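Quantities reported herein were computed from a predicted structural model and do not represent experimental measurements. To find a chain, count down the sequence lines: A is the first, B the second, and so on, and within it residues start at 1.
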Protein chains: 2
Amino acid sequence: MAEKKKRRRGADLENAILTAAWEQLQAKGYQNVTIEGIAAAAATTKTVLYRRWPDKAHLVIAALSKFGDLPSYHVPATGSLRSDFLDLFGQMATFLAQLQGETLRGLLADRLQHLELGELLNHANDGTALKTLVQPMLDHATQRGEISHADWPDRVINLAGILLINEIISRQDLTATAQVEMVDEILLPIFLAHN
Amino acid sequence: MAEKKKRRRGADLENAILTAAWEQLQAKGYQNVTIEGIAAAAATTKTVLYRRWPDKAHLVIAALSKFGDLPSYHVPATGSLRSDFLDLFGQMATFLAQLQGETLRGLLADRLQHLELGELLNHANDGTALKTLVQPMLDHATQRGEISHADWPDRVINLAGILLINEIISRQDLTATAQVEMVDEILLPIFLAHN
DNA sequence: TCAAATTAGATACGGCCGTATCTTATGTTT
DNA sequence: AAACATAAGATACGGCCGTATCTAATTTGA
């Protein structure tokens, strides 16, 4: 009749927490999720959570990494720069579609607030990550003779990402129409501009 | 010898609060400013502040409106689209220079978090405000024959604003070099693209 | 001038944050 | 198997948020 006093540890416990976090997120949305709530739902205490993640944003990202269908982005190679960009946006849209806009907005806001000097690197990393996709696209387009050169300023190469983020934040959505417009009216004119 | 029990009211009180808010902001930076702290510094209580502003972001914006040198933006008319854009960025940079990047970041993050359906209009308004500056620039450029037409999608017209915000957020700064690059590598190629 | 309406100011609440401290279960090591 | 190290879990703290409630000072307007 004695109560069991099992304690979960390590990966075991971590799974339970991330599962709880994921469920809470689905049920309540980012803004209404609390660290204490997740801890309670996982039948542990927030002390344990704070040992693993510095804040809600990181915890949610961890849960997202585990349970969200994370994108395995690949470099588009469709044969034209235009459809490459559309493909890229498509990949991103597929990923973002899972997150209700509210979660992404909340996440971004939190990250923005906690962005300290050191963490700016992360932000830069995001840029770098995007560049590893876009740069090959530009290389291919150059080889095909579609564009005159493949060396563009980082600000230009990262523009696709900026447009995407802005679209999500301000319109809470990333429609196919928007994707096409961003490619045709903004990105292509830049890369195809005669020099 | 009796203590004075004067109570400030209305505009009087509001001034005192905004002054306190402004001082706190200068002294501590946005993130470290608290509603309670401002109330205390103004020798009143937060109840009074909450009667006037819904949250820290709005209070700070109010203080900013009162004490910051707010920009009286005017439509650049320098004679070329390129220098018009540079002028516009210059105006914005002047304004933003007052805010340490931290304040702008904090403000944006807060706004982002509290952005509910209704308030999205505000965001749209920002876009509209910018458009009232950019559209005339494009009209003039069209009249001069610099560009082929003046009717561009909102997404394109608002791009200057997006670039600006992104620059501040991710690099905490808005250098002259950055301004030139954004104009020469991004905006001009778009508007000058041959159709 | 005096009652009524307003609103400043005081206080208290529950909620959550993030940290610190302590006990105690569970591993690990020898 | 005993000693040791690790980490879970419990608890408590101060800070701030945003709200509610009460009182009393000040305006107002009849």
Quiz item: Pairs in or reaching into residues 132-149 of chain B: which pass salt bridge (Lys or Arg N to Asp or Glu O under 4.0 Å), with residues at least two apart or in two chains?
Solution: Arg144(B)-Glu146(B)
Check: protein-nucleotides 3-5 of chain D nitrogen or oxygen pairs below 3.5 Å:
none

Under the side-chain hydrogen bond (donor to acceptor under 3.5 Å, both in side chains) test, which residues partner [X], sequence neighbours left out?
| X | value |
| --- | --- |
| Gln179(A) | none |
| Arg8(A) | none |
| Lys56(B) | none |

Self-check item: Pairwise distance CD1(Ile17(A)) to CD1(Ile35(A)) - rounded to 0.5 angstrom
Solution: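 So the gap between those two atoms works out to 10.0 Å.
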Quiz item: Which distance, rounded to the nearest 0.5 Å, do you find between the NE2 of His140(A) and the CD of Gln143(A)?
Solution: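 Reported value, rounded in 0.5 Å steps: 5.5 Å.
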Quiz item: Can a salt bridge be assigned to the pair Arg155(A) and Glu185(B) using a cut-off of 4.0 Å between side-chain N and carboxylate O?
Solution: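 Salt bridge between Arg155(A) and Glu185(B), a charged N being under 4.0 Å from a carboxylate O: no.
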Quiz item: Are any non-hydrogen side-chain atoms of Ile168(B) and Arg105(B) less than 4.5 angstrom apart?
Solution: no
Quiz item: Going by heavy atoms in the side chains, are Arg111(B) and His58(B) under 4.5 Å from each other?
Solution: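 Yes; the side chains approach each other to less than 4.5 Å.
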Measure [atom1]/[X] against [atom2]/[N] and give the value in whole Å, please.
| X | N | atom1 | atom2 | value |
| --- | --- | --- | --- | --- |
| Asn32(A) | dG18(D) | CG | P | 14 Å |
| Gln113(A) | dC17(D) | CD | P | 12 Å |
| Glu36(B) | dC17(D) | CD | P | 5 Å |
| Asp55(A) | dT19(C) | CG | C1' | 15 Å |
| Gln24(A) | dC16(C) | CD | C1' | 14 Å |
| Leu49(A) | dG9(D) | CG | C1' | 12 Å |
| Tyr50(A) | dT19(C) | OH | C1' | 9 Å |
| His58(A) | dG18(C) | NE2 | P | 12 Å |

Practice problem: Consider the side chain of Arg7(B), meaning its heavy atoms from C-beta on, and name the nucleotide among dG9(D), dT26(D), dT26(C) that approaches it most closely. | Solution: dT26(D)
Quiz item: Quantified as the angle between the terminal helix axes (five pairs each), what is the overall bend of the helix from dT1(C)-dA30(D) to dT30(C)-dA1(D) to 10 degrees?
Solution: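 Taking the rotation axis at each end, their angle is 10°.
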Exercise. Could you check which residues of residues 10-22 of chain B get a heavy atom under 4.0 Å from DNA chain C? Sort them by number, please.
Key: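 Gly10(B), Leu13(B) - these, ordered by number, are the residues of the stretch whose heavy atoms sit under 4.0 Å from the strand.
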Quiz item: Hey, does the side chain of Arg52(B) come within less than 4.0 Å of dA8(C)'s phosphate (OP1/OP2), counting only N and O?
Solution: yes
Practice problem: Check step by step if side-chain contact (heavy atoms from CB on, under 4.5 Å) holds for Asp154(B) and Lys131(B). | Solution: CA-CA 8 Å; Asp154(B) 281 351; Lys131(B) 187 171 183 174; 2.7 Å; yes
Quiz item: Can you list, by residue number, the residues of residues 38-47 of chain B that have a non-hydrogen atom closer than 4.0 angstrom to DNA chain D?
Solution: Lys46(B), Thr47(B)
Practice problem: Quick one: which residue pairs count as a ring-ring contact (aromatic ring centres under 6.0 Å, His included) with a foot in residues 26-53 of chain B, not counting sequence neighbours? | Solution: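 Listed by first then second residue: nothing to list.
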Got a list of side-chain donor-acceptor pairs under 3.5 Å for residues 19-29 of chain B, not counting sequence neighbours?
from     : atom 1 : to       : atom 2 : distance (Å)
Thr19(B) : OG1    : Asn15(B) : O      : 2.8
Gln24(B) : OE1    : Lys28(B) : NZ     : 3.2

Exercise. Specify the residue among Arg8(A) and Pro54(B) whose closest nucleotide of DNA chain D lies further upstream toward the 5′ end.
Key: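 Residue closer to the 5' terminus by nearest nucleotide: Arg8(A).
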Self-check item: Residues in side-chain contact (heavy atoms from CB on, under 4.5 Å) contact with Thr177(B), at least two apart in sequence or another chain
Solution: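 So Thr177(B) forms a side-chain contact (heavy atoms from CB on, under 4.5 Å) with Thr175(B).
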Exercise. Would you mind classifying the nucleic acid contact of Arg51(B) as base, sugar-phosphate or nothing, using non-hydrogen atoms under 4.0 angstrom?
Key: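 Answer is base: heavy atoms of Arg51(B) come under 4.0 Å of a base.
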List the atom pairs, donor and acceptor, that lie under 3.5 Å between side-chain atoms in residues 79-86 of chain A and the rest of the protein, sequence neighbours left out.
from     : atom 1 : to        : atom 2 : distance (Å)
Ser80(A) : OG     : Ser83(A)  : N      : 3.1
Ser80(A) : OG     : Ser83(A)  : OG     : 2.7
Arg82(A) : NE     : Asp184(A) : OD1    : 2.7
Arg82(A) : NH2    : Asp184(A) : OD2    : 2.8
Ser83(A) : OG     : Thr78(A)  : OG1    : 2.7
Ser83(A) : OG     : Ser80(A)  : O      : 3.4
Asp84(A) : OD1    : Thr78(A)  : N      : 2.7
Asp84(A) : OD1    : Thr78(A)  : OG1    : 2.6

